[in-house]
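Here is how names work: the chains are called A, B, and so on, in the same order as the sequence lines, proteins then strands, and each is numbered from 1. All heavy atoms count here, side chains included; hydrogens, waters and symmetry mates do not.
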Amino acid sequence: MTTTKTPSTAKPPTAPWRTSISERWNNLSRFQQWVILIPVVVLIFALPWLNPPILTTEPGYDFSIAMFDVARYCLIAIGLNVVVGQAGLLDLGYVGFFAIGAYVAALFTSPDSTLWKIPYLAAVPLAMAITMVFGIILGSPTLRLRGDYLAIVTLGFGEMVRLFADNVDALRGNRGFSNIGAPPGTRENGEPLFVNFDGKPWYVLCVAVIIIVLILAGNLERSRVGRAWVAIRDDEDAAELMGVPTFKFKIWAFVIGAAIGGLSGALYAGQQGFMNNQKFDVLTSVLFLAAVILGGSGNKVGVLLGAFVVAYVPLRFLSIAEWKFMIFGVALTILMIFRPQGLLGARQRLLAYGRQAYQRLVGRGEMVSSDTAMSAEKGGLMNGGSGAPK
Amino acid sequence: MTEKNKNEPAPGGIVAEVAQMTEVELREHEAEVADVVATDREFAVGQGETLLEMDNVTMRFGGLVALDGVSFDIKRGEILGLIGPNGAGKTTCFNAMTGVYRPTSGQVLLEGKPLGKTTKHKITRKGIARTFQNIRLFDEMTALENVVVGTDARHKTSVVGALLRLPRHFAEEKAAVEKAMALLEFVGIADRAGDKAKNLPYGYQRRLEIARALATEPKLLCLDEPAAGFNPAEKDELMELIRKIRDDGFTVLLIEHDMRLVMGVTDRIVVLEFGKKIAEGTPEEIRNDKAVIAAYLGVPDDDVA
Ligand SMILES: Nc1ncnc2c1ncn2[C@@H]1O[C@H](COP(=O)(O)OP(=O)(O)OP(=O)(O)O)[C@@H](O)[C@H]1O
Ligand SMILES: [Mg+2]
């Protein structure tokens, strides 16, 4: 063995506490994992009622609404993570899908719109369907582009949606839509359950949606779809040559990301009750992307963490809120220097029967190392074969 | 192939069991593995018939003619060697067969049908799989996952099927993992099944590429310098593996610089020089071919070992 050509077998140093947590978690049985997970989920659902003093954003900002905002960002981050983290497609116009979802909900439920009205709960899937169509429309011509080009075109798409909202009369520009619909339900005192000044029901709804989306996204990850995405991210040409229809799966990543973006837009419009063209600028897109990259793109727990930081910090520390872009910018820059993979590195489990297979074959789980796709050494040591014996 | 990370715990599971097996048990186990590796293969069907035909293929890059009217056949069940000095156009041949490039003129026929404008992933599903001269694995995936991506070429689960975990998804996942595990054993790297591809030793990576290509159930397996960077002992192991692959019913096209390996393992050899085919024949014929000897005299002869 010519050792000079051997790619590093020594693992890059990883934070020992992290490796051990994820390893310990993986060594638990499914049952044990649920025993831990269920109380955690219950606790998360109960957060707006608990209003823990260390977390609270009050008196500056209503805590239940703050928690809904955080949950909304989490949902967005999961959707964007499918596109950016899993399939490796840099999408700078994700806010466009979010906006389309919000506008569909508004157009079909607000009395200010001239369109046919439908119940809010019907408008939500419609919003998803329409954003999916936009995903296909944007994806088909652009997903043949790569890297930088794709980023620029998606950036343009986000701006186009915003300009549409500004300039098309039917979308009512700055005047916006009020009295946007909400799910049905009444309180004991006869008032509607879903109102825009109480974030609790919206929060519970959003967390429930997040859990469903996480399960479905997990299903995709541990299937040929998730594998195709990671293969495309790692080496698109090689993936194609191994029989992966790369274009088709890139479109799917886009469409699924779009659907989740549309869903979160529709939830946002419903909670706000009022919506105009103000919230859909490029910076919002960048903030979404920051959430994904900060937490660790390609890692579901990571992007949830990133979304929490990006959404929560400005609401908790209102005095720094107007500096948030600068603060996140500096934080991201520092992070990218010292930990380019984000707080938690990418790690996906791509096999439905992976646990059993590794156990049977080598008597232990797979080697989970927290280094990632974006790590700097990539490729550097892989040129071994190129020389061929001369 | 024995290089290991010192920090790694010794593997258990099947890998450990295999290490304990007696000669007889080992034989049996290997036969089982070989069975899983080549499940749907119809043995000895149409042996010796033409599988792939390069028909007067010319490949131009600007002014450079990388392939100049190259014609040859690959027969079912054989190991065909493709040799030639550096820059002769060997890899370009692979690229023309697998759809990376479209021939400037001429055509490639698989089982008598021209590939024409068939896209790369469809060519793979039609039955041509390859490895790369510069290793191109999916770095962030484990060895096992890499191989399962290969098996996905034969899968039919839709996105909706995967999303809702319909029965076909489970059936395919289960079969894929079984097959991938057998493939890792077959090429001899099962003990590192759970490691990310980029963390594998070089020799393991080369073998993993072969396993991944075999997972697509190819009719024709194209190996682009699979022994590059290997020492003589490793080359012997690789030769053994290539023979095993052929015995399992696959047809192999092998690019290799090492003459001992090529002469030792191939049934026939095609020689390229400056994009032209200069000779074709059995190893014995090629060894004594004047044009071939002349072609190789021009290059530093550590190639002609
Ligand atoms: N995409 C390309 N564009 C331009 N020239 C190319 C391209 N691909 C290959 N070539 C040229 O075609 C010729 C044949 O290259 P090829 O890679 O097929 O050689 P090879 O026989 O595989 O050599 P080696 O033994 O070094 O791998 C070389 O001169 C190479 O520079
Ligand atoms: Mg070559």
Honestly, the part of B:Val100 sitting under 4.5 Å from a heavy atom of chain A is side chain
Largest heavy-atom contact set with chain A, pairs under 4.5 Å, which of B:Thr216, B:Ile123, B:Val148 | B:Val148
Is A:Phe134 atom CZ crowded by more than 12 heavy atoms from other residues, nucleotides or ligands, each under 6.0 Å away?
-> no
Tell me, which pairs form a side-chain hydrogen bond (donor to acceptor under 3.5 Å, both in side chains) where one or both residues lie in residues 125-143 of chain A, sequence neighbours left out?
-> none
Taking B:Lys122, B:Glu178, B:Arg165 one by one, which has the highest count of heavy-atom pairs under 4.5 Å against chain A?
-> B:Arg165
Among residues 220-229 of chain A, which ones touch chain B with a heavy-atom distance under 4.5 Å?
-> A:Leu220, A:Arg222, A:Ser223, A:Arg224, A:Val225, A:Arg227
Using non-hydrogen atoms and a 4.5 Å limit, figure out which bit of A:Ile256 sits close to chain B: side chain, backbone, both or neither.
-> side chain
For B:Phe138 and A:Asp235, the nearest pair of non-hydrogen atoms, with its separation, is CE2-O, 3.7 Å
Minimum heavy-atom distance B:Glu145-A:Leu350, with the two atoms named | OE2-N, 3.3 Å
Could you give me the CA-CA distance, side-chain angles and deciding distance for A:Met242 and B:Arg136, then say whether side-chain contact (heavy atoms from CB on, under 4.5 Å) is met?
-> CA-CA 11 Å; A:Met242 288 303 132; B:Arg136 294 179 76 169; over 6 Å; no
Heavy-atom closest pair (B:Met141 atom, A:Ala231 atom, distance to 0.1 Å) is CE-N, 3.3 Å
Test side-chain contact (heavy atoms from CB on, under 4.5 Å) applied to B:His121 and A:Leu241, step by step = CA-CA 5 Å; B:His121 64 91; A:Leu241 283 165; over 6 Å; no
Give me the contact list for residues 124-132 of chain B versus chain A, heavy atoms only, anything under 4.5 Å, ordered by residue number.
-> B:Thr124, B:Arg125, B:Arg130, B:Phe132
Can you name the salt bridge (charged side-chain N to carboxylate O under 4.0 Å, His left out) partners of B:Glu17, sequence neighbours left out?
-> none
Chain B contact via A:Gln359 - which portion, at a heavy-atom distance below 4.5 Å = backbone
Report the distance from atom CZ of A:Phe247 to atom OG1 of B:Thr119, rounding to the nearest 0.5 Å.
-> 12.0 Å
Portion of B:Thr157 that has a non-hydrogen atom of chain A nearer than 4.5 angstrom = both
Beyond-backbone contact of B:Leu164 with A:Asn219, side-chain heavy atoms, under 4.5 angstrom = no
Side chain proximity check, A:Val244 to B:Val149, heavy atoms < 4.5 angstrom | yes
For A:Leu216 and B:Leu163, the nearest pair of non-hydrogen atoms, with its separation, is CD2-O, 3.6 Å
Tell me, for B:Val159 versus chain A, whether the close heavy atoms (under 4.5 Å) come from the side chain, the backbone, both or neither.
-> both
Between atom OH of A:Tyr353 and atom CD of B:Glu173, what is the distance when rounded to the nearest 0.5 Å?
-> 8.0 Å
Given B:Thr98, B:Leu144, B:Val177, the one with more heavy-atom pairs under 4.5 angstrom with chain A than any other is B:Leu144
Which bit of B:His169 is near chain A, if near means a heavy-atom gap under 4.5 Å: side chain, backbone, both or neither?
-> side chain
